[in-house]
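Working notes, beginning with the structure itself.
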There are 2 protein chains.
Amino acid sequence: MRRIADSTVRRLSLYLRFLEESTNRGLVTISSDELARRGGTTSAQVRKDLSFFGSFGKRGLGYSVPELTESLREILGLRRDWQVIIVGAGKIGTALAQYRGFRQRGFRVTAVYDRDPKKIGTRWDALTVRDMAEIERDIQKEHPDIAVLTTPAEEAQVVVDRLVSAGMRALLNFAPIQLQVPPDVTLKNVNMAMELEGLSFALTNRDR
Amino acid sequence: MRRIADSTVRRLSLYLRFLEESTNRGLVTISSDELARRGGTTSAQVRKDLSFFGSFGKRGLGYSVPELTESLREILGLRRDWQVIIVGAGKIGTALAQYRGFRQRGFRVTAVYDRDPKKIGTRWDALTVRDMAEIERDIQKEHPDIAVLTTPAEEAQVVVDRLVSAGMRALLNFAPIQLQVPPDVTLKNVNMAMELEGLSFALTNRDR
DNA sequence: GGCGGCTTGTGAAATCATTCACAAGTTATC
DNA sequence: GATAACTTGTGAATGATTTCACAAGCCGCC
């Protein structure tokens with residue numbers, strides 16, 4: 001398979017979201033044009049995105065909502081659950097650990113780590129905060145798939161190095177810093193500072 | 001000024017972060033190559049990004065850390081504070097409202113809204129959760145610059161329409177949904193579901 | 001079964017973003 | 001003040017992504 005652009009994968013995720021909504025509204029069939037309007041793109045873009053993976057539609061008719069939903073789940077690797085650990089039990093880490101949306105989409109948070117003795121052992125729901133010191137051992141034993149990083153920025157790189165050498169290969173980083181990882185590790189960033197600064201830029205340079 | 005690509009603005013934000021760190025370490029001068037290594041890009045990219053806005057370096061020497069820092073702050077519109085409101089006092093909204101990083105970067109959270117009577121009136125620090133019903137009046141009175149959306153996905157579009165007609169022109173959306181806004185409104189998204197699905201895709205399609 | 005109205009899938013073209021490559025400027029050294 | 005060692009700024013080349021445009025296929029109706 002030819003290398004797929006990041007932007008394409010992001011849009012697939014959006015299409016899937018809209019398809020799920022369409023299912024709830026009882027729609028059976030949907031056109032690339034409707035998918036595009038909702039995803040803020042063009043119908044040609046939708047068709048091109050899908051064409052990298054096969055041909056899913058019927059000319060003259062559009063796409064079957066349940067079939068395309070299933071195909072996108074397959075493509076995105078969502079026909080299985082993923083085991084997620086959260087590293088850093090601060091404000092954001094805690095909020096994420098309790099966030100229902102993850103579970104609903106097949107991302108099961110199975111552990112939360114911190115190094116602060118005051119936090120270790122506290123519980124929410126079924127989750128107990130574990131000691132950061134045990135993380136390598138746990139990773140080797142439990143093989144989580146994805147680690148979400150919510151440590152302070154200063155500690156993030158050190159923590160990432162530990163996670164990577166313990167075997168983690170997929171990371172979602174919330175610290176406002178660009179992390180260095182080896183090429184076989186996939187890293188995604190959620191950087192609120194960057195987004196806010198993007199808004200600041202837009203507001204400042206609005207009128208040309 | 002020629003239209004600036006989103007990717008460029010995002011990198012400027014990264015460079016600024018690294019410059020701040022360099023200041024703390026007492027560096028006076030920095031080359032495009034060092035900036036690039038840290039930002040995960042190339043030195044040519046750094047120079048090109050900066051060239052859209054002027055020429056800030058000295059050939060043979062590199063860039064003055066304090067001067068480039070100041071120039072980037074200027075370009076990004078960060079020489080002033082921005083007034084931010086948070087709409088939705090759930091897990092994420094609450095975590096964001098208490099997050100120190102915003103304030104440090106000049107984004108002052110001045111109000112939090114929810115429509116749940118059980119939440120209205122609760123306080124953290126200097127902030128009291130206000131009634132969603134008052135948001136239009138408050139916007140007209142207090143002129144916040146940026147609204148952060150942390151409502152459930154189902155309500156997000158309705159809330160956005162209200163915010164836009166009350167005059168908001170910059171939005172940061174955390175709901176996992178693509179919102180529709182008029183062209184004079186800037187919308188940025190933080191979509192954790194999308195990032196996780198991107199990781200799922202990468203893990204699934206790792207070996208070709 | 002033929003016709004009209006739709007909508008897909010996809011090469012080709014156009015646009016946009018990144019990388020190359022090098023002249024020109026700066027500093028340090030002798 | 002000439003030379004060597006660096007590093008910027010930037011057109012031109014390359015590469016990637018998006019948009020165009022249209023043939024081909026499907027459905028419903030007469």
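As a basis for the values below, the full set of heavy atoms in this structure was taken, side chains included, without hydrogen atoms, waters or symmetry mates. So you know, we letter chains A, B, ... as the sequences are listed, proteins then strands, and number each from 1. Worth saying up front: this structure is predicted, and the values here are computed from it rather than measured.
- With sequence neighbours excluded, the residues that form a side-chain hydrogen bond (donor to acceptor under 3.5 Å, both in side chains) with B/Arg47 are B/Ser32, B/Ser43.
- Spacing between atom CZ of B/Phe53 and atom P of D/dT8 amounts to 18 Å, rounded to whole angstrom units.
- Of the candidates D/dT8, D/dA21, D/dT10, the closest approach to any side-chain atom of A/Arg47 belongs to D/dA21.
- The distance between atom CD of A/Glu67 and atom P of C/dT8, rounded to the nearest whole Å, is 14 Å.
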Report each atom pair, protein N/O against N/O of nucleotides 27-30 of chain C, whose distance is under 3.5 angstrom.
none

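- Under the 4.0 Å criterion applied to side-chain N and carboxylate O atoms, B/Arg73 and B/Glu20 are assigned as salt-bridge partners.
- Close to C/dC6, at under 4.0 Å from its OP1 or OP2, lies no side-chain N or O of A/Tyr63.
- No side-chain donor-acceptor contact under 3.5 Å links B/Gln180 to the backbone of B/Gln157.
- A donor-acceptor distance shorter than 3.5 angstrom exists from the side chain of A/Trp82 to the backbone of A/Gly77, with no hydrogens or angles considered.
- Heavy atoms of other residues, nucleotides or ligands lying less than 6.0 angstrom from CD of A/Glu67 number 12 at most.
- No donor-acceptor distance shorter than 3.5 angstrom exists from the side chain of B/Thr41 to the backbone of B/Ala36, with no hydrogens or angles considered.
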Only distances under 3.5 Å count here; give the side-chain donor-acceptor pairs of residues 96-103 of chain B to other protein atoms, sequence neighbours excluded, each with its distance to 0.1 Å.
none

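- Put simply, the side chain of B/Glu74 never gets that close to the backbone of B/Arg79: no donor and acceptor are under 3.5 Å apart.
- No donor-acceptor pair under 3.5 Å is formed between the side chain of B/Asp114 and the backbone N or O of B/Lys119.
- Residues A/Met168 and A/Val185 have side chains not in contact (no heavy-atom distance under 4.5 Å, counting atoms from C-beta outward).
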| said: Between A/Glu34 and A/Ser31, does the side-chain hydrogen bond (donor to acceptor under 3.5 Å, both in side chains) criterion hold? Intermediate values first, please. | reply: CA-CA 5 Å; A/Glu34 290 168 283; A/Ser31 68; 3.2 Å; yes
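- Every residue two or more places apart in sequence or in another chain that forms a side-chain hydrogen bond (donor to acceptor under 3.5 Å, both in side chains) with B/Asp6 is listed here: B/Lys188.
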At a cut-off of 3.5 Å, list every protein nitrogen or oxygen paired with a nitrogen or oxygen from nucleotides 2-4 of chain C, distance to 0.1 Å.
none

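- Heavy-atom distances under 4.0 Å link DNA chain D to B/Ser32 of residues 32-45 of chain B, given in residue order.
- When the shell of 6.0 Å around CZ of A/Arg162 is examined, it contains more than 12 heavy atoms from other residues, nucleotides or ligands.
- With A/Phe18 as reference, A/Leu35 is the one residue of A/Thr23, A/Leu35, A/Thr69, A/Val65 to meet the side chain to side chain contact (heavy atoms under 4.5 Å, CB included) rule.
- Two residues, B/Ile30 and B/Lys48, neighbour DNA chain D, and the one matched to the more 5' nucleotide by heavy-atom proximity is B/Ile30.
- Interface residues of residues 179-187 of chain B facing DNA chain D, ordered by number: none; criterion, heavy-atom separation under 4.0 Å.
- Between A/Leu50 atom CG and C/dT7 atom C1' the separation is 13 Å, expressed in whole Å.
- Panel note: side chain A/Thr150, backbone A/Val87; a donor-acceptor pair is recorded below 3.5 Å.
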Side-chain atoms of residues 189-199 of chain A: list all donor-acceptor pairs with protein atoms under 3.5 Å, sequence neighbours left out, distances to 0.1 Å.
| residue | atom | partner | partner atom | Å |
| --- | --- | --- | --- | --- |
| A/Asn189 | OD1 | A/Asn173 | ND2 | 2.9 |
| A/Asn191 | OD1 | A/Ala193 | N | 3.3 |
| A/Asn191 | OD1 | A/Met194 | N | 3.0 |
| A/Glu195 | OE1 | B/Arg10 | NH1 | 3.3 |
| A/Glu195 | OE2 | B/Arg10 | NH1 | 3.0 |
| A/Glu195 | OE2 | B/Arg10 | NH2 | 3.1 |
| A/Glu197 | OE1 | B/Ser13 | OG | 2.6 |
| A/Glu197 | OE2 | B/Arg17 | NH2 | 2.7 |

Any N/O pairs under 3.5 Å between the protein and nucleotides 1-3 of chain D? List them or say none.
none

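- Rounded to whole Å, the distance from CD1 on A/Ile4 to P on D/dA16 is 13 Å.
- In this structure, the CZ atom of B/Arg3 is 15 Å from the P atom of C/dT15, given to the nearest Å.
- Within residues 6-17 of chain B, the residues having any heavy atom closer than 4.0 Å to DNA chain C are, in order of number, B/Ser7, B/Arg11.
- Of the possible polar contacts, none joining the A/Arg105 side chain to the A/Leu78 backbone as a donor-acceptor pair under 3.5 Å is found.
- Residues passing the side-chain hydrogen bond (donor to acceptor under 3.5 Å, both in side chains) test with A/Glu21, sequence neighbours excluded: A/Arg38.
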Can I get a per-line list of side-chain donor-acceptor pairs under 3.5 Å for residues 138-145 of chain A, giving both atom names and the distance, sequence neighbours left out?
| residue | atom | partner | partner atom | Å |
| --- | --- | --- | --- | --- |
| A/Asp138 | OD2 | A/Tyr113 | OH | 2.7 |
| A/Asp138 | OD2 | A/Arg130 | NH1 | 2.8 |
| A/Gln140 | NE2 | A/Ala166 | O | 3.4 |
| A/Glu142 | OE1 | A/Arg130 | NH1 | 3.2 |
| A/Glu142 | OE2 | A/Arg130 | NH1 | 3.3 |
| A/His143 | NE2 | A/Gln140 | O | 3.1 |
| A/Asp145 | OD1 | A/Arg80 | NH2 | 3.4 |
| A/Asp145 | OD2 | A/Arg80 | NH2 | 3.2 |
| A/Asp145 | OD2 | A/Gln83 | N | 2.8 |

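- A sub-4.0 Å separation between OP1 or OP2 of D/dG9 and a side-chain N or O of B/Ser55 is present.
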